[in-house]
Structure formats: structure tokens, C-alpha cells
Amino acid sequence: MRIFSGIKPSGDLHLGNYIGALSQWIALQDAHECIYCVVDLHALTVAIDPSELRRRTLDAAAWYLALGLDPKKSTLFVQSHVSAHAELGWILNTIAKISELKAMHQFKEKSKSNPDNINMGLFDYPVLMASDILLYDTEGVPVGEDQKQHVELVRELARRFNGRFGETFTVPKSMLMKHGARVMALDNPAKKMEKTGSVDGYIALSDTPDLVKKKIKRAVTDSGREILFDAKKKPALANLLTIYHLLSGQAISDIEKAYAQGGYKEFKDGLARVLIEFLAPVQERYGQYRGDENNLRALLADGASRAKKHAEKKMIMIKRRIGLYE
Ligand code: AQP
């Protein structure tokens, strides 16, 4: 299968990004043709300082590598280095409907949380995302649950374009984790963990052991002392148990048993240990990749030239189909 996915460098990469998306990316690269991107053009939808965006773009690429993305197996590049993404985005804008974009949950939520910056890019984000995905004849898109609605729109745009201009795009499907497709915020289990949310809500991949301990200690819990998975009655604990399970590889029932005699304190201490053990080697590898910026830039340039070859060929086909004069 051809796989495509990306993350926008709009803040610190966090555990939700890893569990929902990046862990899938890494697992898929052994058996599939994978294309992974730092989607910097998407980051422009939030007000971000230019030097911060530049820094965060390289940070994100270094995190992908530190988590196990292998540039020999996968194509790794920065979205803005392949201009076809923006070009196809414009073309797809002409078949996307305003009513469809207005229905997107993420647009509604982000407009509410950021009323001073409801820009056209934020509104149009899913169309650029469609362009990212459709340019590469993508079949599978490993993402978290929050992106499922956007991928549905991508499917609809692909079908609409094909219906109007002839078979051009592969209709992709989203690939979601069975558990962990929506990691919730530590300080509010009714909200998803997000980069641009409150700092206490997420565990950043860069968090120090002390910070991890502090955030887990402060994490909201439900009433009652028992450590039992119950997504309805104990949503906060269910979220923490899911994180524990996915990072340690232990079955949820075994974790419940291990803490049957203790209460939240023991469980939270254990969870902090699991997180710190998971993050330590990743942070060490991150330091190595991020510390060698020439190598990082060379890897990204190589990835961009591979992605460009495919994207440019696809654009020729698309332009012919819609009648752009050659
Ligand atoms: N809480 C989450 N649980 C599971 N998966 C998640 N993802 C994000 N949050 C969670 C997945 O990570 C990828 C990140 O994509 P993105 O950066 O392009 O956009 P996003 O979904 O809007 O991510 P954030 O972290 O919430 O960032 P901000 O705050 O900037 O909007 C996607 O695959 C996403 O599903």
C-alpha cells in the first residue's frame, strides 16, 4: 500500500501525536511504501513566528527520526519544498463546497478557541490536506481520530474529481489505532490532547522526567479508588490506562491487577516511570539528529527530491484532465 501522513509543526509534538499517528507510521514502513511529511504550510493557519516555524520544522523531522522513521525505507520531506501541494490545493478548492468545509469539527473548535484569527487558511485546511494525500496516489492515511472527518472529505473530493474529469485520484482510507486513536488531555479528559492546548494537558516528547512526574501527578482523575478501565464511568483513568498499556505493552487487565491493592498514587507513579523509560532513549536519539543539522537538512532535501518526482508527474496528468493549456 502507498501510505501518506503528516504533522504540522505548530507546537511541541506530544504523546497523542505519537500514539495516534507516529506509532502507526513507524510500524507501517516495513511492509508499505510510506511518505511522511512535516506539513509546514498547515502550521501557518495559526499565528506562528517565522523563526519558530523554521525551528519547529526541523524539530519535528528530528522527532520522526528519533521515534524510528527510517529515511531509507520512507520518504521524509517538508511540505513547502514540493510546491505541487499548494498548486493542487487551489485546483481542489474549485470543487470543494463551502458548506462541506463549514461542517468540519476542527474548524468549528479552532474558530471558537481562537476567535481573533479565523483565517481563510484555517477554513481551507482540509482542502490542502486533500492535496497532500491525493498527489501521491495514497491508499492509507494513518491518523488520529480527530482527522477522520477530514479524510472523509478527501475521499469525497477524490470521487467528485474522478466523476467529473475521469479516473485520476486513488480514493484513500484513514487508518486508526484500535486503542489510542484519541488520547485525551491530562487536565481535561473531555478534550483531546493537543499541541496548542494547555501545557498541563499534554506530555511533550521533550518533557524532562521531573515535568512528566509533575504533569502525571496533577492529571485529573475520577472518583473512587479502584484502578479499573471503564471508559464511560472513569474516562480520565481509562485515558491514563490506555497510555500505560500502549507504552509498556502490558495488557490493561494486567495493569489493573498490578495496582489492585494500591490507589491512584501508586498507579500514577508507575505511569510516570513507564513514560520516562519510553521517552529517555527517544530524547537521546532526538538530540543526536537535531544536533547534526547538516545531516537533517540533507535527509529532507533528498526526501523532497523523491517526493517532487512523483508529485510533478501527477500534476501533469491533473492539469491535462482539467484543461490547463500546456
Ligand atoms: N490527542 C490525540 N490523540 C491521538 N492522535 C492525535 N493526533 C493529534 N492529537 C491526537 C494525531 O496526530 C497527528 C497530528 O496532526 P496535526 O499536527 O496536523 O494536527 P492536529 O490533529 O490538529 O494535532 P494537534 O496535536 O491537536 O495540534 P494542534 O493543537 O496544532 O491542532 C494527526 O494524525 C492527528 O490525528
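Both counts, for ligands and for their atoms, begin at 1 and track the order of listing. Note that the numbering runs from 1 along the sequence shown for the chain. Note that these values count all heavy atoms, side chains included, but never hydrogens, waters or copies made by symmetry.
- In terms of protein heavy-atom proximity, atom 34 (C) of ligand 1 is closest to Asp146 OD1, 3.3 Å.
- Looking at atom 28 (P) of ligand 1, its nearest protein heavy atom turns out to be Thr196 OG1, 3.4 Å.
- Looking from atom 19 (O) of ligand 1 to the surrounding protein, the closest heavy atom is Lys8 NZ, 3.0 Å.
- Tyr36 places a side-chain N or O within donor-acceptor distance of the main-chain N or O of Trp25, the cut-off being under 3.5 Å.
- Considering every non-hydrogen atom in both His42 and Asp132, the closest pair reads NE2-OD2, 2.9 Å.
- Side-chain atoms of Ile216 and Leu186, non-hydrogen and from C-beta on, do get closer than 4.5 Å to each other.
- In this comparison of Gly16, Ala21, Gly144, Gly6, the heavy atom closest to atom 15 (O) of ligand 1 sits on Gly6.
- Annotation: His14 places an N or O atom under 3.5 Å from an N or O atom of ligand 1; distance criterion only.
- Between His150 and Tyr125, the closest side-chain pair of non-hydrogen atoms falls below 4.5 Å.
- Put simply, part of Lys192 is less than 4.0 Å from ligand 1, judged by heavy atoms.
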Asp269 vs Arg273, test: salt bridge (charged side-chain N to carboxylate O under 4.0 Å, His left out). Steps then yes/no.
CA-CA 6 Å; Asp269 288 348; Arg273 264 197 310 277; 5.7 Å; no
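- With ligand atoms numbered from 1 in the order given, ligand 1 contributes 1 (N), 2 (C), 9 (N), 10 (C) to contacts under 4.0 Å with heavy atoms of Met193.
- Atom 31 (O) of ligand 1 has its nearest heavy-atom neighbour, among Glu194, Lys195, Lys110, Met177, in Lys110.
- Put simply, the residue from Arg321, Arg320, Lys319 that forms a salt bridge (charged side-chain N to carboxylate O under 4.0 Å, His left out) with Glu326 is Arg320.
- For Lys148, the NZ atom sits in a loose shell: 12 or fewer heavy atoms of surrounding residues, nucleotides or ligands are nearer than 6.0 Å.
- Per-residue contacts place Tyr125 under 4.0 angstrom from the following atoms of ligand 1 (heavy atoms of the residue considered): 18 (O), 19 (O).
- Considering only non-hydrogen protein atoms, atom 30 (O) of ligand 1 sits nearest to Ser10 OG, 2.8 Å.
- Within the 4.0 Å heavy-atom shell around ligand 1 one finds Gly180.
- Atom 4 (C) of ligand 1 has its closest protein heavy atom at Ala181 O, 3.2 Å.
- If you check the side chains of Asp207 and Tyr202, you find no donor sitting under 3.5 Å from an acceptor.
- Regarding atom 8 (C) of ligand 1, its nearest protein heavy-atom neighbour is Asn17 ND2, 3.2 Å.
- Comparing Lys148, Met175, His150, Gln147 by heavy-atom distance to atom 32 (C) of ligand 1, the nearest is Gln147.
- Two residues are said to be in side-chain contact when any heavy atoms from C-beta on lie closer than 4.5 Å; Pro235 and Met184 fail this criterion.
- At least one heavy atom of Ile7 sits closer than 4.0 Å to an atom of ligand 1.
- Within the 4.5 Å cutoff, the side chain of Val154 has no heavy atoms near those of the Leu157 side chain.
- Summarising the contacts of atom 2 (C) of ligand 1 with Val143, Leu22, Val183, the nearest heavy atom is found in Val183.
- A side-chain donor-acceptor contact under 3.5 Å links Asp49 and Ser51.
- Below 3.5 Å of separation, one finds no N or O of Gly197 facing any N or O of ligand 1.
- In this structure, Met184 falls outside the shell of residues with a heavy atom less than 4.0 angstrom from ligand 1.
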